[in-house]
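See below for the structure under consideration.
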Amino acid sequence: QVQLVESGGGLVQAGGSLRLSCAASGRTFSSDGMGWFRQAPGKERVFVAAIMWSGGRTYYDDSVKGRFTISRDNFKNTLYLQMNSLKPEDTAVYYCAAGLNTNMAMAMVEGWNYWGQGTQVTVSS
């Protein structure tokens, strides 16, 4: 079974930076890519970023474009999310996702088959 474990979350002041990591195990390379979602208290889980296995093409939600960078280390089988210029509205539980069913569904929760347990990111103002 595919397992995803996020780390790197924490409390940071607005304008600060954090780097999230997602260590993957299992047959993750069969999927088209990996991604990050986030869920604020009382809100639904929403798309943040994704990176495709073939070619490394990246996609970002407009709310994080220019501030967040998704990347991967194939040797370590690890996904990263570098978060800069953090804002209070970035506060959420961040989830790593794998097992993309189709490229068209990358921004949808139902488009992914595997999820990590989530890591809390809190940005204070």
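Numbering starts at 1 and runs along the sequence shown.
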Would the distance check show the side chain of N77 and the main-chain N or O of N74 forming a donor-acceptor pair, the cut-off being under 3.5 Å? no

Separation between OG of S85 and CZ of F68, rounded to the nearest 0.5 Å: 9.0 Å

With a 4.5 Å limit on heavy-atom distance, are the side chains of V46 and F37 in contact? no

Atom pair OG (S125) and NZ (K87), whose distance is rounded to the nearest 0.5 Å: 13.5 Å

Yes or no on side chain to side chain contact (heavy atoms under 4.5 Å, CB included) for F47 and V109, after CA distance, side-chain angles and deciding distance? CA-CA 8 Å; F47 174 77; V109 170; over 6 Å; no

Which distance, rounded to the nearest 0.5 Å, do you find between the CZ of R72 and the OG1 of T58? 10.0 Å

Let me see the working for V2 and L4 under side chain to side chain contact (heavy atoms under 4.5 Å, CB included), right down to the final yes or no. CA-CA 7 Å; V2 174; L4 306 172; 4.2 Å; yes

Determine whether V123 and V121 make a side-chain contact, defined as any pair of heavy atoms from C-beta on separated by less than 4.5 Å. yes

With rounding to the nearest 0.5 angstrom, report the CE to CH2 distance, M34 to W36. 8.0 Å

Looking at T119, is its backbone amide N or carbonyl O close enough to the side chain of E6 to form a donor-acceptor pair, meaning the two atoms are under 3.5 Å apart? no

Of all heavy-atom pairs between V93 and G118, which one has the smallest distance, and what is that distance? CG1-CA, 3.7 Å

Apply side chain to side chain contact (heavy atoms under 4.5 Å, CB included) to residues L20 and M83 and explain how you reach the verdict. CA-CA 8 Å; L20 305 184; M83 305 184 295; 3.7 Å; yes

Straight-line distance of L86 CG to L18 CG, nearest 0.5 Å: 5.5 Å

Within the side chain of D61, is there an N or O that forms a donor-acceptor pair under 3.5 Å with the backbone of V48? no

More than 12 heavy atoms from other groups under 6.0 Å of CD on Q13: yes

Would you call Y94 and L81 a side-chain contact if the rule is heavy atoms closer than 4.5 Å? yes

So does D62 pair up with K65, basic N to acidic O under 4.0 Å? yes

Look only at the side chain of D73 and the backbone of K76, and say whether a donor-acceptor pair between them is shorter than 3.5 Å. yes

R38 and S63: CA distance, side-chain angles, deciding distance, side-chain hydrogen bond (donor to acceptor under 3.5 Å, both in side chains) verdict: CA-CA 12 Å; R38 64 186 180 185; S63 65; 3.2 Å; yes

Over 60° means perpendicular and under 30° means parallel, so tell me whether Y95 and W115 are parallel, tilted or perpendicular. perpendicular

Please check if any side-chain donor atom of R67 sits under 3.5 Å from a side-chain acceptor atom of S17, or the reverse. no

Is there a side-chain contact between N101 and W112, using heavy atoms and a 4.5 Å cut-off? no

When every non-hydrogen atom of K43 is compared with those of Q39, the smallest separation belongs to O-NE2, 3.0 Å

Rounded distance (nearest 0.5 Å) linking atom CE of M52 with atom OH of Y59: 6.0 Å

Before you tell me yes or no, could you show the steps for T91 and Q120 under side chain to side chain contact (heavy atoms under 4.5 Å, CB included), namely the whole-Å CA-CA distance, both residues' side-chain angles and the distance that decides it to 0.1 Å? CA-CA 8 Å; T91 295; Q120 177 70 50; 4.1 Å; yes

When you compare the side chain of L79 with that of I51, does any pair of heavy atoms fall below 4.5 Å? yes

